[in-house]
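Residue numbers start from 1 in every chain, and the chains themselves are labelled A, B, ... in the order their sequence lines are given, proteins ahead of strands.
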Amino acid sequence: MLSIYKNLKECLHDAFQKALSEQEISHVASKSLFDPQLVNASRPEFGDFQANGALPLAKEFKLPPRQIAELVVEQLIQNQIFSELCEKPEIAGAGFINLRLKKKSLTKEIKVRLKDKRLGIPKAKSISVVIDFSSPNIAKEMHVGHLRSTIIGDSLARILEFRGHKVIRLNHVGDWGTQFGMLISYLKLVAPEALTKANAINIGDLVAFYKEAKQRFDLDDDFQKQSRKEVVKLQNGDKDSLKAWELLCNQSRQEFQKIYNLLDIKIIERGESFYNPYLKEIIKDLQNAGLLEIDEGAKCVFLSGVTGKDGKALPVIVQKGDGGFNYSTTDLAAIKYRFSPTPSGDGANRVIYVTDAGQANHFKGIFQIATRAKWIPKTARVEHVPFGVVQGEDGKKLKTRSGETVRLSDLLDSSIQRAEDDLRQRLIDEKREESESFIKEVSTTVGLAAVKYADLSQNRISNYQFSYKKMLALQGNTAPYLLYALVRIAGIARKGGDLNESRHELEFNEPQELKLIRELLKFDEIINEVEEELLPNRLCGYLFELSQIFNRFYDQVPILKAKNPYRSSRLSLCKLTADTLKLGLHLLGIPTLARM
RNA sequence: GCGCCUGUAGCUCAGCGGAUUAGAGCAUCUGACUACGGAUCAGAGGGUCGGGAGUUCGAAUCUCUCCAGGCGCGCCA
């Protein structure tokens, strides 16, 4: 309904201008005073939109707000464009102007949308967007900690892509740094073959070795020295070290890819090591910009407006006392590269980081330094998209029973398994028989959809309570509920309803139909909002609401048994609902089913 | 100690660039299956929006303050 909104806003703006220009207030020239404050109606009884603009003008014009509203309405009803779109406006409460769209304009919009493959969502003026998400660490397995970043990042990427932007999905994997020194020196002792031969040991062992190496590193001085030597060797480009590093990365990569394939996530790996050649230049840049200071032997940039424990400005270390670089340096190199024009950069207009909320301060610092170093173009945006931790049902950080971090692949398998158990039970209860391949497909789709949807449907800022039982529930704001609405529509088609039938004119009368129509037409606003605010839970909320309204319509209004033109009109609503749900779920990274 | 985030129905959460009577879902209770898949729908109860103050004609929403919880706070990432 964005186009209608835009038209109405113009009408209202005009009406306010005209209504108030008749008043003898010359000193009120500020245009902002004439903001009609057109918003969606806060309740369905109030119609489709409400203009609140009369209220704040009351004081300025020394008139009761209702009287101002009346003056505006007088102007409005003389406007032909307005009268075609809306019923006669009503003034309510303190001076709200309530607007109700004519059925004709709603029907017209539906007709347009039925023919539009993009379901009313316009293509935006394309910009380059970098989305940094997922970002697991080499030589470690993906765990719950990567779940939210991966799912939220992917969904945001899908939405921005659909809006027509050029999206670069970057996997900023932890593939560099001191941990490799540790790991390589440990492997030399316990499994040297892993350093020379591909896939000599499995990923689980690698993870175990990593943990052991870390322990030894913390306890054993000699081992620590050895590890530091290995890091230096690696960073100096020693051939054997590099080869070992390559092997380890490749092995992890294969493991990550299995998960990305399962979740249908596309992402380009560009790990921390990519930025190695740029690190020295970063220090030089900061030096030239006069931002660099040496403190306790380390090269730092002191943040302005952020103080540490001692009340002094907080430093960000960009080069350690031993000359090594750390993650801040890498992140600075990354941000510079992303905003730098192609081909020596990504030429991004918007850079989005999807990481846990705990890193908020870190990114604030990075963004500040990048801004002061003038690496971010004035017209560009840089955003940290934070999210809370995944908690168990006890409200504490999610752990396995033995207190270990939950592996992502276990978590996903577990959800799929539960979906399968549910399905098999239901088949027994309903005396249905289905093939094994059907059962596999449905439980995989439902199991993964449940995990993704549960995560996305929550406001990402707050912590999120993980519960298989809730996410797989067939009722409530869950993936299975949404998928079921689609299955019902598919059922109508199977029973002989031609969803593409358009021989007849669209004709709607039932309140349930109009409610559904109004909801369907909101899709474009929601997508716009998510593009702007990067909150996928808004889209989830919308899809859930749409499913509920559809289910009421389906329950209360006969479709196949109705006579034309109602039958085909209702089938059209089914089609548009199905298309909207499918597209919406697709933008969340969730595939749909015809039967379940 | 400082900083960031969170606090809305029994539970899980929407709403938060102010606006007409604060919304869902789950759970609880009551109804509806000769129906297009009841995996649904109709309805009921349940709230001083953490406390207090302020700005405003109007605050869950903005400001300040206090309380509670989570996370972070210099050479790990």
- Item | Nearest-angstrom distance, C1' atom, U8(B) to G46(B) | 14 Å
- Checking C4(B), C75(B), A39(B) against the side chain of Met596(A) (C-beta onward), the nearest is A39(B)
- Counting only distance, no hydrogens or angles, is the base of G74(B) paired donor-acceptor with the side chain of Asp295(A) under 3.5 Å? yes
- Query: Any idea which of A35(B), G74(B), U40(B) is nearest the Lys561(A) side chain?
  - Reply: A35(B)
- Mapping Arg228(A) and Asn477(A) to their closest nucleotides on RNA chain B, which lands nearer the 5' end? Asn477(A)
- What interatomic distance, in whole Å, is found between C1' of A27(B) and the corresponding atom of C11(B)? 7 Å
- Message: Regarding Asn52(A), tell me which of base, sugar-phosphate or nothing describes its non-hydrogen contacts under 4.0 Å with the strands shown.
- Response: base
- Item | Nucleotide nearest Ala298(A) when distance is taken to its side chain, options U20(B), C75(B), C41(B) | C75(B)
- Query: With both distances under 3.5 Å as the test, what is the Watson-Crick or G-U wobble partner of G17(B)?
  - Reply: none
- Among C75(B), C41(B), U20(B), the one nearest Arg552(A) by side-chain distance: C41(B)
- Item | Paired nucleotide for C71(B) [Watson-Crick or G-U wobble; both distances under 3.5 Å] | G3(B)
- Query: For G45(B), which nucleotide in any strand shown is its Watson-Crick or wobble partner with both distances under 3.5 Å?
  - Reply: none
- Query: Say you pick atom P in C57(B) and the same atom in G1(B); how far apart are they, in whole Å?
  - Reply: 39 Å
- Task: Could you verify whether a donor N or O on one side chain and an acceptor N or O on the other, from Tyr186(A) and Glu212(A), lie under 3.5 Å apart?
- Result: yes
- Task: Report the nucleotide, chosen from U40(B), C75(B), U21(B), that has the shortest atom-to-atom distance to any side-chain atom of Gln475(A).
- Result: U40(B)
- How is Gln179(A) classified with respect to the nucleic acid when contacts are heavy atoms under 4.0 Å: base, sugar-phosphate, or nothing? nothing
- Scan every strand shown for a Watson-Crick or G-U wobble partner of U34(B), both distances under 3.5 Å, and answer none if you come up empty. none
- Message: Just to be sure I understand the rule, does Ala92(A) reach a base, reach only the sugar-phosphate, or reach nothing, if contact means heavy atoms closer than 4.0 Å?
- Response: base
- Query: Base, sugar-phosphate, or nothing: which does Pro65(A) touch, judged by heavy atoms less than 4.0 Å apart?
  - Reply: nothing
- Task: Considering only NZ, NE, NH1 and NH2 on the basic side and carboxylate oxygens on the acidic side, decide whether Glu510(A) and Lys515(A) come within less than 4.0 Å.
- Result: no
- With the side chain defined as heavy atoms from C-beta on, Gln548(A) is closest, among A19(B), U40(B), A24(B), to A24(B)
- Does the side chain of Glu525(A) pick up a donor-acceptor pair with the side chain of Asn40(A) at under 3.5 Å? yes
- Query: Would Tyr327(A) count as stacked on C76(B) if the rule is ring centres under 5.5 Å and plane angle under 30°?
  - Reply: no
- Task: Please figure out whether Lys364(A) or Ala594(A) has its closest RNA chain B nucleotide nearer the 5' end.
- Result: Lys364(A)
- Message: At 4.0 Å (heavy atoms only), tell me whether Pro480(A) reaches a base, stays on the sugar-phosphate, or touches nothing.
- Response: nothing
- Rounded distance (nearest 0.5 Å) linking atom CE of Met182(A) with atom CD of Gln226(A): 13.5 Å
- Closest to the side chain of Glu272(A), out of A77(B), A19(B), C4(B), is A77(B)
- For the pair made of CG in Asn551(A) and C1' in A35(B), what is the distance, rounded to whole Å? 15 Å
- Query: Which is true for Val557(A) with a 4.0 Å heavy-atom rule: it touches a base, it touches only sugar-phosphate, or it touches nothing?
  - Reply: base
- Just by distance, with hydrogens left out, do Tyr481(A) and Asn551(A) show a side-chain donor and acceptor under 3.5 Å apart? yes
- Phe544(A) has a side chain; which of G3(B), C41(B), G25(B) sits nearest to it? G25(B)
- Item | Any side-chain donor near an acceptor of the partner, Thr329(A) and Gln319(A), under 3.5 Å | no
- Looking at every strand, decide which applies to Gly491(A) at a 4.0 Å heavy-atom threshold: base, sugar-phosphate, or nothing. sugar-phosphate
- Query: Considering only U20(B), U40(B), C73(B), which nucleotide approaches the side chain of Leu314(A) most closely?
  - Reply: C73(B)
- Message: What is the separation between atom CD1 on Ile549(A) and atom P on A42(B), rounded to the nearest whole Å?
- Response: 11 Å
- Query: Quick one: is C76(B) close enough that its OP1 or OP2 comes under 4.0 Å of any side-chain N or O from Lys320(A)?
  - Reply: yes
- Base, sugar-phosphate, or nothing for Val316(A), non-hydrogen atoms under 4.0 angstrom? nothing
- Message: At 4.0 Å (heavy atoms only), tell me whether Cys574(A) reaches a base, stays on the sugar-phosphate, or touches nothing.
- Response: nothing
- Message: Aromatic contact between Phe363(A) and Tyr353(A), with the criterion being ring centroids under 6.0 Å apart: yes or no?
- Response: yes
- Find the partner of C26(B): check Watson-Crick (N1-N3 plus N6-O4 or O6-N4) and G-U wobble (N1-O2, O6-N3) distances, both under 3.5 Å, and reply none if neither fits. G10(B)
- Note on the structure: Mate of A59(B) across any strand shown (Watson-Crick or G-U wobble, both atom pairs under 3.5 Å) is none
- Message: Across nucleotides 12-17 of chain B, 5' to 3', mark each nucleotide with B, S or - according to how protein heavy atoms within less than 4.0 Å reach it.
- Response: SSSSS-
- Message: Students often get this wrong, so: under 4.0 angstrom with heavy atoms, is Arg432(A) touching a base, only sugar-phosphate, or nothing?
- Response: base
- Looking at Asn361(A), Thr355(A), Asp132(A), which hits side chain to side chain donor-acceptor pair (under 3.5 Å) with His384(A)? Thr355(A)
- Picking from A19(B), A42(B), G74(B), which would you name as closest to the side chain of Ile317(A)? G74(B)
- Item | Arg228(A) bridged to Glu230(A) by N-O distance under 4.0 Å | no
- Item | Phe367(A) and His362(A) aromatic centres sub-6.0 Å | no
